[in-house]
Amino acid sequence: MKICSFNVNSIRARLGLLLDWLSHRGDDIDVLCLQELKTVDEGFPINEFQALGYHCELYGQKAFNGVAICSRLPVVSVSKGFGSDTEWDKQRRIMQVRLGGSADGITVVNVYAPHGGERGSEKYNYKLQWYEQFKSYLSTIAHDTNNTAFVVGDFNVARYDSDVYDPAALKDTIATMPEERRAFETIIECGFTDIYSHCHPGKSHYTWWAYGAAIWKDQGMRIDYALATAQALAITKDIGVDLWPRRKKTPTPSDHAPLIVETDGSRLNANSHSKDLIGSFMPSS
DNA sequence: ATGCCCTTCAATGAAGGA
């Protein structure tokens, strides 16, 4: 079974590319977690995804933010936002679903963390405070010791210096600052494992490149992650970044590439056309 | 060996992204 996290930077602008890509892969994605929809729910092209066998849970917002989870596994329950009408849900950035059965199912959290602007700005403070909310939200999930839970999305933090192409040049710029990295670690300390670092120790793979020539020079950052509880890690087989949709010239790509987790989905009766290869392609030069 | 910012909106440039 495969769970994908993809910041699409507008679902309406990216629909063609997204459908091309899913087809190109042989329709092997079972759970598709999308970020930065940039549209209200009514603007989401739900028919196209239903035609591919996905059930869509939407949490959209006009012009900014917005997340969705499209699943081929049965959705048992859904929760959108941090909940209880909090001020923190004015920006729609987080949702979760329970998939499969209640006993042998999995929880998938889909998140789009704030960018943060510049250090010391209002947006920067918002980002750090938002991470506090995120931490308590995830603590609840992590404290359920039997919870097979994945947390995927755009965290807007490059965890290590090796997660950026030029650590010296990017020192103390957004996504690399000590306070942000500390905030990221508090999430991990709730009881999660960074699946990429676990499966590929000592290595990094970027998930975002600025628009322009950066993708052709592999000058990017790792800011998208998949985290797992111990139970989730136990069924995790591999993780990779698929560069195909990022390197496509037409239609215009997102600035992110999709991150794909492969798990042992037999207990969930996942009916996918899984292939052995997750599909990681490095730039040719 | 090249590519050299994109999307949104009571829009026609500005704001937000990373």
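Below, read A as the first sequence line, B as the second, and so on, with proteins coming before strands; counting in each chain starts at 1.
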Inset, instruction - Check the surroundings of atom NZ in A:Lys135: do more than 12 heavy atoms from other residues, nucleotides or ligands lie under 6.0 Å from it? - result: no

Legend entry - Position toward the 5' end of DNA chain B (nearest nucleotide), A:Gln91 or A:Lys249: A:Lys249

Inset, instruction - Evaluate the ring planes of A:Tyr225 and A:Phe184, with Trp represented by its six-membered ring, and classify them as parallel (under 30°), tilted (30 to 60°) or perpendicular (over 60°). - result: tilted

Inset, instruction - Would you kindly say whether A:Asp224 and A:Tyr112 are connected by a side-chain donor-acceptor distance under 3.5 Å? - result: no

Inset, instruction - Quick one, give me the B/S/- string for nucleotides 5-13 of chain B, reading 5' to 3', where B means a protein heavy atom under 4.0 Å from the base and S means that only happens at the primed atoms, P, OP1 or OP2. - result: SSSSSS---

Inset, instruction - Take the protein atom CD of A:Glu118 and the nucleotide atom P of B:dG17, then report the distance between them rounded to whole Å. - result: 12 Å

Inset, instruction - Take atom P in B:dA10 and the same atom in B:dG16, then report the distance between them in whole Å. - result: 14 Å

Inset, instruction - May I have the distance from A:Glu122 (atom CD) to B:dA15 (atom C1'), rounded to whole angstrom? - result: 14 Å

Inset, instruction - Please check if any side-chain donor atom of A:Thr107 sits under 3.5 Å from a side-chain acceptor atom of A:Arg98, or the reverse. - result: yes

Inset, instruction - Taking atom P in both B:dA11 and B:dC6, compute the distance separating them and give it to the nearest angstrom. - result: 24 Å

Inset, instruction - With heavy atoms under 4.0 Å as the rule, sort A:Asn7 into base, sugar-phosphate or nothing. - result: sugar-phosphate

Legend entry - Nearest-Å distance for atom pair CD1/P, residues A:Ile215 and B:dT2: 17 Å

Inset, instruction - Measure the distance from NE2 on A:His256 to C1' on B:dG17 and round it to the nearest whole Å. - result: 8 Å

Legend entry - Whole-Å C1' distance, B:dT8 and B:dT12: 13 Å

Inset, instruction - Tell me what A:Lys123 touches on the nucleic acid: a base, only sugar-phosphate, or nothing, going by heavy atoms under 4.0 Å. - result: sugar-phosphate

Legend entry - Distance-only polar pair, side chains of A:Gln35 and A:Asp154, donor-acceptor under 3.5 Å: no

Inset, instruction - Give the ring-plane orientation class for A:His205 versus A:Tyr196, where under 30° counts as parallel, over 60° as perpendicular and anything between as tilted. - result: perpendicular

Legend entry - Result of checking A:Arg247, A:Arg246, A:Lys248 against A:Trp244 for side chain to side chain contact (heavy atoms under 4.5 Å, CB included): A:Lys248

Inset, instruction - Send over the distance from A:Arg246 CZ to B:dG3 P, rounded to a whole Å. - result: 15 Å

Inset, instruction - Pick base, sugar-phosphate or nothing for A:Tyr206, based on heavy-atom distances below 4.0 Å to the nucleic acid. - result: nothing

Legend entry - Syn or anti conformation of B:dA11, syn meaning chi within 90° of 0: anti

